[in-house]
Engineer: 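Next up is a structure, given as structure tokens.
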Amino acid sequence: MQEHGRTRQSTRASAKREKSRVRWRAVFGTLVGILLLTGVCVFYGYGDGSLKEFFRPTHSSPGISNQEPNGEESPETEPIETADAMEKALQARGVYVTMDVFGTPSQFKRVITFVRENPGLNCFVVDVKDNNGRIPCTPTGDFNIPARIGGYEHFSALVDVLAEEDYYMIARVVAFQDPYLANLKPEQAIRNADGSLWRDRDGRLWLNPYDERNWEFIRDIALWACEMGFDEVQLDYVRFPDSARGLEQTSVLMPGSEKFGSRGDAIAAFLKYMDDALEGKGFLSADVFGFVTIAQDDMGIGQKLEQLASLVDFISPMVYPSHYYNAGIYGFEVPEAHPSEVVYKAMEEAIQRTDGLKARIRPWLQDFSMRIKYGPKEVQAQIDSVYEHGIETFMLWNPANVYTDGVTYLNGESIEP
């Protein structure tokens, strides 16, 4: 496993450096690229007309600067070694950004300002395919992706800007929940016995995880994300619908199930397919329910921790205390009121169960409120619990992309002014 990872990242680092130079010249080195970005910035009200200038930091970015003290460009360094690439991934501490916020400079500036003002944060998790079946802009190259276009044609240029500042970039790709493609190609969706589109308890449409045509569709989005400059592809909704966990073929139509022993085997085969596709191009990670660290089976949705952790580089359990609804979980009547203890126990289980497997643990933490108001104390408690296990990487989730001030994101270090 480790040897495989070293080969992947060495190849990836060299290829990514060359592609980055080509992309930067293509976008910013031609008149068309300049006019495009100028038009975007003018449209959003930025008088200087430069996306790069608009997002230029007022202090050092989290990465290594290529500027000498006299302001001249330093000689190019050698490609990043495998250990450095993995170390960067293991130190990624990020925030989730929706496609719309990332694609609207006036909104994203608020998020990036927050990240820059909070040392320790160095990563953005950005929607490249969201729950509505949207992708941000028209795919480039040979990719023919049947998805809704978000209209943010400057999207990849902004990824370049952030990559130049050495932020760790994660492309969130919603896998099997997709109302757009389900309507466009109903034969690839989960359907009722009469052939009509099946909906989960919230009325949402899903692609059939057994259908390998859907695998190819998700693969192409992932490869496109790597070409845009993302360091990692993170698959969300990489599962069967939880409200379909008890349904059999007599109740819903999901052709292809006969090829797999279980739903867990189907998701594992899909992840193996994705892992092979991203060989030499980027890290692969998977989001899983927080309960996956507790459950011993695949819960009817195809997510069994040990099975998944053998196939991806990072596993990201969503250990939001608010989502442990059952009284008595970890011994607490209201788990949401115990953010430190819940996250600590979840990390303990995740580490024990994945010991010796390929995947590293990078949890999603709660930075939003449900029944209990969450502020700096609650967010800090979760982060501290992660650090107590020797894990240096985590992600914060807030669907509105508004994150909490007054939190120390560095492990045991004081925040510099």
Side-chain angles (χ1 to χ4, degrees), residues 1-2 5 62 83-96 118-123 125 168 170 232 234 236 283-296 303-324 329-332 335-368 374-398 403-404 407-415:
M1 292 291 187
Q2 282 187 319
D84 292 335
M86 175 56 80
E87 183 63 22
K88 185 177 179 182
L90 290 170
Q91 295 290 324
R93 294 174 288 272
V95 297
Y96 166 63
N118 285 275
L121 295 178
N122 56 15
C123 167
V125 186
Y168 190 77
I170 300 177
E232 178 177 323
Q234 179 187 96
D236 202 357
F283 288 116
L284 177 66
S285 59
D287 292 342
V288 298
F289 280 148
F291 272 100
V292 169
T293 70
I294 300 174
Q296 297 302 309
Q303 288 188 347
K304 183 176 181 180
L305 186 59
E306 291 84 355
Q307 204 169 20
L308 305 186
S310 301
L311 297 164
V312 296
D313 298 299
F314 288 90
I315 282 283
S316 295
M318 298 174 280
V319 292
Y320 313 134
S322 63
H323 282 44
Y324 291 85
I329 292 292
Y330 295 135
F332 301 115
E336 188 177 5
H338 300 272
S340 175
E341 296 90 339
V342 167
V343 171
Y344 186 91
K345 289 179 179 293
M347 291 299 93
E348 187 172 57
E349 289 173 334
I351 291 171
Q352 289 175 352
R353 291 181 60 180
T354 60
D355 183 41
L357 301 179
K358 177 181 179 179
R360 310 296 184 92
I361 303 298
R362 183 196 293 127
W364 277 107
L365 304 180
Q366 178 174 340
D367 195 354
F368 59 88
Y374 267 43
K377 178 182 176 182
E378 289 75 17
V379 175
Q380 189 73 65
Q382 297 173 79
I383 293 172
D384 291 346
S385 291
V386 171
Y387 280 138
E388 284 184 52
H389 284 291
I391 299 173
E392 301 281 337
T393 179
F394 57 82
M395 301 166 295
L396 301 175
W397 178 272
N398 183 302
Y403 295 97
T404 300
V407 176
T408 301
Y409 296 98
L410 290 169
N411 184 14
E413 298 182 29
S414 61
I415 296 180

Engineer: Gln382: which residues meet the side-chain hydrogen bond (donor to acceptor under 3.5 Å, both in side chains) condition with it, sequence neighbours left out?
Structural biologist: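 side-chain hydrogen bond (donor to acceptor under 3.5 Å, both in side chains) list for Gln382, sorted by chain: empty.
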
Engineer: Using the salt bridge (Lys or Arg N to Asp or Glu O under 4.0 Å) rule, collect all pairs that involve residues 344-353, keeping only residues at least two apart or in two chains.
Structural biologist: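 Every salt bridge (Lys or Arg N to Asp or Glu O under 4.0 Å) pair that includes a residue of residues 344-353, provided the two are not neighbours, is Glu306-Arg353.
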
Engineer: Is the shortest side-chain heavy-atom distance between Leu90 and Phe314 below 4.5 Å?
Structural biologist: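 When only atoms from C-beta onward are counted, Phe314 and Leu90 do touch, with a gap below 4.5 Å.
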
Engineer: Sequence neighbours excluded, which residues qualify as salt bridge (charged side-chain N to carboxylate O under 4.0 Å, His left out) partners of Glu336?
Structural biologist: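 Residues passing salt bridge (charged side-chain N to carboxylate O under 4.0 Å, His left out) with Glu336: Arg371.
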
Engineer: Please list, chain by chain and in numerical order, all residues satisfying side-chain hydrogen bond (donor to acceptor under 3.5 Å, both in side chains) with Thr404, sequence neighbours excluded.
Structural biologist: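 Thr404 satisfies side-chain hydrogen bond (donor to acceptor under 3.5 Å, both in side chains) with Asp367 only.
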
Engineer: Hydrogens and angles aside, do Asn411 and Glu392 bring a side-chain donor and acceptor to less than 3.5 Å of each other?
Structural biologist: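 Yes, because at least one side-chain N or O of Asn411 sits under 3.5 Å from a partner of the opposite role on Glu392.
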
Engineer: Work out which heavy atom in Ala359 is nearest to a heavy atom in Ile315; give both atom names and the distance.
Structural biologist: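 Shortest heavy-atom contact: CB-CG1, 3.7 Å.
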
Engineer: What's the shortest heavy-atom distance between Val125 and Gln234, and which atoms?
Structural biologist: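 Closest heavy-atom pair between Val125 and Gln234: CG1-OE1, 3.8 Å.
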
Engineer: Not counting sequence neighbours, which residues clear ring-ring contact (aromatic ring centres under 6.0 Å, His included) with Tyr403? List them please.
Structural biologist: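 Per chain and number, Tyr403 pairs via ring-ring contact (aromatic ring centres under 6.0 Å, His included) with no residue.
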
Engineer: Looking at residues at least two apart in the chain, or sitting in another chain, which of them share a side chain to side chain contact (heavy atoms under 4.5 Å, CB included) with Ala350?
Structural biologist: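 Side chain to side chain contact (heavy atoms under 4.5 Å, CB included) check on Ala350 returns Thr293, Ile361.
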
Engineer: Is the Tyr96 ring parallel, tilted or perpendicular to the Trp397 ring (thresholds 30°, 60°)?
Structural biologist: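 The arrangement is parallel - the two ring planes meet at less than 30°.
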
Engineer: Could you report the tightest heavy-atom contact between Arg93 and Leu410, atom names first, then the distance?
Structural biologist: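 Heavy atoms only, the tightest pair is NH2-CD2, 4.2 Å.
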
Engineer: Please list, chain by chain and in numerical order, all residues satisfying salt bridge (charged side-chain N to carboxylate O under 4.0 Å, His left out) with Asp236, sequence neighbours excluded.
Structural biologist: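 For Asp236 the salt bridge (charged side-chain N to carboxylate O under 4.0 Å, His left out) partners, ignoring immediate neighbours, are Arg172.
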
Engineer: Under the rule for salt bridge (charged side-chain N to carboxylate O under 4.0 Å, His left out), what residues qualify as partners of Arg362, not counting sequence neighbours?
Structural biologist: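 Glu232.
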
Engineer: Excluding sequence neighbours, so at least two apart, what forms ring-ring contact (aromatic ring centres under 6.0 Å, His included) with Tyr374?
Structural biologist: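 Not a single residue meets the ring-ring contact (aromatic ring centres under 6.0 Å, His included) criterion with Tyr374.
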
Engineer: Which distance, rounded to the nearest 0.5 Å, do you find between the CD1 of Ile351 and the NE2 of His389?
Structural biologist: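 Result: 5.5 Å between the selected atoms.
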
Engineer: Test: side chain to side chain donor-acceptor pair (under 3.5 Å). Region: residues 314-324. Which pairs qualify, not counting sequence neighbours?
Structural biologist: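 Those involving residues 314-324 are Ser322-Gln366.
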
Engineer: Looking only at non-hydrogen atoms, find the nearest pair between Val343 and Ser385 and report the distance.
Structural biologist: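 The answer is CG1-CB, 4.0 Å.
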
Engineer: Just to verify, which of Ser340, Pro339, Pro321 counts as forming a side-chain contact (heavy atoms from CB on, under 4.5 Å) with Glu378?
Structural biologist: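 Option passing the side-chain contact (heavy atoms from CB on, under 4.5 Å) with Glu378: Pro339.
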
Engineer: Which atom pair, heavy atoms only, marks the closest approach of Trp364 to Leu396?
Structural biologist: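 Scanning both residues completely, I find the closest heavy atoms to be CZ3-O, 3.4 Å.
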
Engineer: Listed by chain and number, what are the salt bridge (charged side-chain N to carboxylate O under 4.0 Å, His left out) partners of Glu341, not counting sequence neighbours?
Structural biologist: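 Once residues adjacent in sequence are excluded, Glu341 has no partner under the salt bridge (charged side-chain N to carboxylate O under 4.0 Å, His left out) criterion.
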
Engineer: Could I get the full list of side-chain hydrogen bond (donor to acceptor under 3.5 Å, both in side chains) partners for Glu388, not counting sequence neighbours?
Structural biologist: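 Scan of Glu388 (side-chain hydrogen bond (donor to acceptor under 3.5 Å, both in side chains), adjacent residues dropped) gives none.
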
Engineer: Would you say that His338 contacts Tyr330 through its side chain, given a criterion of any heavy-atom pair below 4.5 Å between the two side chains?
Structural biologist: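 Answer no - side chains too far apart.
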
